[in-house]
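Here's the structure we're looking at; comments come further down.
Along the sequence shown, the residues carry numbers beginning at 1. As the structure is a computational prediction, the values presented were derived from the model and not from experiment. We count ligands from 1, going down the list as the structure has it; atoms in each ligand are counted the same way.
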Amino acid sequence: MAGIDIEGLATVYPNGVRAVDGLDLHVADGEFFALLGPSGCGKTTLLRTIAGLESASEGTIRIDAADVTRTEPGKRGVAMVFQDYALFPHMSVAENITYPLKVRRVAPATRTETATRTAAELSLAGLLERKPGQLSGGQQQRVALARAIASEGKVLLLDEPLSNLDARLRLEARTFLKKLQRDLGITTVFVTHDQAEALALADRIAVMENGKLRQLGSPREVFARPANTFVANFIGSTPMNLLPGKVLGSPSSNGSDASIGSVAVAGGSLPAATFSVPADASVTVGIRPEYLTLSTGDVAGPALRGEVVVAENLGTQSLVTVDCAGTLIGVTVPEETEPTPGTPVSLTAPATRVLLYTDHTGELITSQPTPVA
Ligand code: ADP
Ligand code: MG
């Protein structure tokens, strides 16, 4: 078991692309750590640089406190699972699983024992003699994982290992992977472009954009309190509402509660907590559809007033789009309370859920600690 320490890391390709651009990260011993970001943001490059398959142009990588920045891949103590699994088609499952051991000249009897034990852990018992071509996608994915685990690295690096599976199998494999990682307690870096997968699996998530780190936090933190509008847009299965707003009163100027201010948004106003921007400042107001409450008709106090445009079924919830003075705002409601289009409604939110971002840079202004429960 081992932690990973990355300092000032940059990976520049010969064509000049800075795929990883000045990154600092610490992955704790035994942690399930997700690298999340859109396609092309540098996730695979970062993983390959940790593995030693790409060389670092700047900075250092330490695994288990040892500087491995210039160490050859085979000696870093890492095992990697590639996106396409990269199984050897002519070898049996058993041979695939134990290939890294064969390379290290481990005795055949020990290899057979490892293959049997690892196959049992990954629900592959009975398939050891098959060739990869005779397996389902989910089984092939588990063989690739089994091979990585059998190599007994200190660190497991997984590059979008579930992306080749269909939706249902993906969910099963996700649960399986989480349980396996808990049982083994092996430090794991998991790359995905799927925010739901990262939220479901990881202890902590690093959100990347253009080779840079945009936010590092627990799934609850990045969901409830995105550090910038990029993360706000990227995280959540229903996108966060990001609306132009104007500060009406700063927290300090409000007599009754010194921590609550208010902000004008399309169709009305919302309370907002703990920020220090003067009145009249233009801001971007971020509010998740899940944190808005929809009431039919009017309500007393700060609210956004508008008319229901459309409702989409999300299962037990519905996503309702409300037209507030020409701006479309999403709100989720329990399916049984789904209003019909044309209904006049009011939207309210607790001050602690209304986030303010700067207009120009999109960085979070709200300073309150996250209510993450
Ligand atoms: P991700 O895995 O997040 O989709 P990658 O790490 O594959 O991103 O790519 C990051 C950036 O580096 C992209 O702009 C990509 O085009 C570029 N890139 C990836 N591999 C190479 C390469 N071998 N040579 C040059 N540029 C590359
Ligand atoms: Mg990739």
Do [X] and [Y] get their side chains close enough for a donor-acceptor pair, meaning under 3.5 Å?
| X | Y | result |
| --- | --- | --- |
| Asp194 | Thr192 | no |
| Thr188 | Glu31 | no |
| Ser57 | Tyr13 | no |

Problem - For the student: nearest non-hydrogen atoms of Asp21 and Lys212, plus distance - result: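 Smallest heavy-atom distance, with atoms named: OD2-NZ, 2.8 Å.
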Handout entry: Protein N/O/S atoms closer than 2.8 Å to the Mg ion (ligand 2)
Key =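 The answer is Thr44 OG1.
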Problem - Joint cluster assignment, Leu158 & Ile61, ILVMFWY side-chain distance < 4.5 Å - result: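 Leu158 does not cluster with Ile61.
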Problem - Electrostatic pair Asp203-Lys178, nearest N-O below 4.0 angstrom - result: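 No, no charged N to carboxylate O under 4.0 Å.
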Handout entry: Counterpart residues, ring-ring contact (aromatic ring centres under 6.0 Å, His included), relative to Phe32 (two or more places apart)
Key =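 Phe32 satisfies ring-ring contact (aromatic ring centres under 6.0 Å, His included) with Phe190 only.
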Exercise for the section: Any chance you could lay out the side chain to side chain contact (heavy atoms under 4.5 Å, CB included) test for Leu53 and Met80, step after step, and finish with the verdict? Expected result: CA-CA 10 Å; Leu53 301 171; Met80 183 153 168; 4.1 Å; yes
Indicate every side-chain donor-acceptor pair of residues 139-147 with a distance under 3.5 Å to a residue at least two apart or in another chain.
unit_1: Gln139; atom_1: OE1; unit_2: Ser136; atom_2: N; d: 2.9
unit_1: Gln139; atom_1: OE1; unit_2: Ser136; atom_2: OG; d: 3.4
unit_1: Gln140; atom_1: NE2; unit_2: Pro132; atom_2: O; d: 3.2
unit_1: Gln140; atom_1: NE2; unit_2: Leu135; atom_2: O; d: 3.3
unit_1: Arg142; atom_1: NE; unit_2: Leu122; atom_2: O; d: 2.8
unit_1: Arg142; atom_1: NH2; unit_2: Ser123; atom_2: O; d: 3.3
unit_1: Arg147; atom_1: NH1; unit_2: Ala86; atom_2: O; d: 3.2
unit_1: Arg147; atom_1: NH2; unit_2: Tyr85; atom_2: O; d: 2.9
unit_1: Arg147; atom_1: NH2; unit_2: Ala86; atom_2: O; d: 3.1

Problem - Amino acids in close contact with ligand 1, where any non-hydrogen atom sits under 4.0 angstrom away - result: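 Tyr13, Asn15, Val17, Ala19, Pro38, Ser39, Gly40, Cys41, Gly42, Lys43, Thr44, Thr45.
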